[in-house]
Participant: 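Mind having a look at this structure? Questions to follow.
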There are 2 protein chains.
Amino acid sequence: MKEFTKTLRDHGMKVTPQRIAIYDILINTMEHPSAEVIYKKLEPIYPTMSLATVYKSLDVFKKAGLVQELNVGESSFRYDANVNSHPHIICTACHKVDDIEEGIFSDLVDKVNSFTNYSILKQQLYFYGLCPQCK
Amino acid sequence: MKEFTKTLRDHGMKVTPQRIAIYDILINTMEHPSAEVIYKKLEPIYPTMSLATVYKSLDVFKKAGLVQELNVGESSFRYDANVNSHPHIICTACHKVDDIEEGIFSDLVDKVNSFTNYSILKQQLYFYGLCPQCK
DNA sequence: GTCTCTGCAAAGTGTTTGCATAGGC
DNA sequence: GCCTATGCAAACACTTTGCAGAGAC
């Protein structure tokens with residue numbers, strides 16, 4: 001959280017209670033919430049909180065490299081405070097989004113680099129299937 | 001194209017000039033166009049073509065398994081007449097979307113299956129970087 | 001005190017829907 | 001002739017923007 005404060009200040013951005021609350025949710029959950037879900041969680045604590053503030057804060061965090069935006073194929077984005085390009089797995093029944101250990105794919109970027117002539121900067125790997133509880 | 005006609009009919013769906021034109025664009029391009037782009041290409045030939053028809057047709061194709069929808073992280077979906085779950089690579093400069101040979105990742109799904117306890121149904125793999133022309 | 005942030009409402013963007021007419025089969 | 005598709009406009013869902021007042025530093 002020290003790092004969070006520093007990173008924002010280094011980017012000339014202010015540390016507000018709203019931003020702290022939003023970031024706090026993101027580092028303490030595994031569920032990769034959308035802006036709407038974050039907003040719903042904050043409403044009871046910050047009754048005046050606005051969805052626009054959630055969006056603006058997430059945008060700020062994204063620019064500061066504090067969160068990454070996930071596009072799992074739903075209508076809305078999801079957010080992850082783990083900014084590594086780690087793979088995700090989405091349950092097609094209950095729609096939860098889990099992380100997959102990055103190590104499994106260690107050689108993947110090298111393979112793609114040598115096959116394509118692109119310079120890979122990042123990757124987004126999504127697997128879809130039934131989770132243990134839903135199968 | 002025979003297959004296309006048969007597949008639609010098998011699903012109780014009609015084969016219309018608009019649908020043929022949309023599908024024809026998709027099988028003859030490598031650029032993975034969005035609905036908007038498809039619409040723009042068709043406008044000169046079908047002046048009465050409507051964006052809603054493009055969306056409805058793409059939806060029909062998706063349900064019939066004739067196209068897949070790609071979510072490369074832009075504001076709109078892109079469409080691909082190649083329905084295999086093959087990986088894509090997106091240039092972060094010119095935003096073109098290329099295919100990557102599927103063979104490279106043959107063992108990936110098995111790995112994920114054994115590590116996660118999910119039953120994987122499909123995957124969407126996106127790599128981002130600079131294409132040969134843009135670097 | 002300055003300059004960014006918040007929170008409201010309004011606008012924007014891609015997509016979907018309702019419905020009357022057109023057209024595939 | 002039946003029943004689905006088209007095409008227009010209006011609705012929708014998520015996100016962004018404008019702006020006046022509040023608040024971080």
Participant: Rounded to whole Å, how long is the line connecting atom CD of B/Glu69 with atom P of C/dT15?
Facilitator: 8 Å
Participant: Does a side-chain N or O of B/Gln18 approach OP1 or OP2 of C/dG24 to a distance below 4.0 Å, or not?
Facilitator: no
Participant: Could you tell me the separation between the CD atom of A/Glu74 and the P atom of D/dC14, rounded to a whole number of Å?
Facilitator: 10 Å
Participant: Nearest whole angstrom, please: distance from the P of C/dC5 to the NE2 of A/His11.
Facilitator: 12 Å
Participant: Output side-chain donor-acceptor pairs under 3.5 Å for residues 125-135 of chain B, partner residues at least two apart or in another chain, one line each.
Facilitator:
| from | atom 1 | to | atom 2 | distance (Å) |
| --- | --- | --- | --- | --- |
| B/Tyr126 | OH | B/Asn71 | N | 3.0 |
| B/Tyr126 | OH | B/Gln124 | OE1 | 2.5 |
| B/Tyr128 | OH | B/Val72 | O | 2.5 |
| B/Lys135 | NZ | A/Asn117 | O | 2.6 |

Participant: Need to verify one output field. Residue with the more 5' nearest nucleotide on DNA chain C, A/Met49 or B/Thr16?
Facilitator: A/Met49
Participant: Any idea which of C/dC8, D/dA5, C/dC5 is nearest the A/Lys14 side chain?
Facilitator: C/dC5
Participant: Taking only side-chain nitrogens and oxygens of A/Ser75, does any of them come within less than 4.0 Å of OP1 or OP2 of D/dA13?
Facilitator: no
Participant: Rounded to whole angstrom units, what separation is found between the CG atom of A/Leu51 and the C1' atom of C/dA9?
Facilitator: 13 Å
Participant: Expressed in angstrom and rounded to an integer, what is the separation of A/Asp59 atom CG from C/dT4 atom C1'?
Facilitator: 15 Å
Participant: Do the side-chain N or O atoms of B/Ser50 get closer than 4.0 angstrom to the phosphate oxygens (OP1, OP2) of D/dC8?
Facilitator: no
Participant: Answer with yes or no whether the side chains of A/Asp99 and A/His88 bring together a donor and an acceptor at under 3.5 Å.
Facilitator: yes
Participant: Just compare C/dT6, D/dC14, C/dG24 and give me whichever is closest to any side-chain atom of A/Arg19.
Facilitator: C/dT6
Participant: Tell me whether A/Glu101 is salt-bridged to B/Lys111, with the criterion being a basic N under 4.0 Å from an acidic carboxylate O.
Facilitator: no
Participant: Under a 3.5 Å cutoff, is there a donor and acceptor pairing between the side chains of A/Glu69 and A/Tyr79?
Facilitator: yes
Participant: Mind checking A/Thr53 for me? I need base, sugar-phosphate or nothing, with any heavy atom below 4.0 Å counting as a touch.
Facilitator: base
Participant: Check the distance between D/dC14's P and A/Leu70's CG and give it to me in whole angstrom.
Facilitator: 17 Å
Participant: Looking across every strand, which nucleic acid part, if any, lies under 4.0 Å from B/Val15 by heavy atom: base, sugar-phosphate, or nothing?
Facilitator: sugar-phosphate
Participant: Using a cut-off of 4.0 Å on non-hydrogen atoms, how would the nucleic acid contact of A/Pro17 be classed: base, sugar-phosphate, or nothing?
Facilitator: sugar-phosphate
Participant: B/Leu58 has an atom CG; how far is it from atom P of C/dG14, in whole Å?
Facilitator: 15 Å
Participant: For B/Arg9 and B/Met13, run side chain to side chain contact (heavy atoms under 4.5 Å, CB included): C-alpha distance rounded to whole Å, both residues' side-chain angles, the deciding distance at 0.1 Å, then the answer.
Facilitator: CA-CA 5 Å; B/Arg9 297 231 171 95; B/Met13 292 156 170; over 6 Å; no
Participant: Could you check which of C/dC19, C/dT15, D/dG18 has an atom nearest any side-chain atom of B/Phe77?
Facilitator: C/dT15
Participant: Find the distance B/Lys6:NZ to C/dC25:C1' and express it as a whole number of Å.
Facilitator: 17 Å
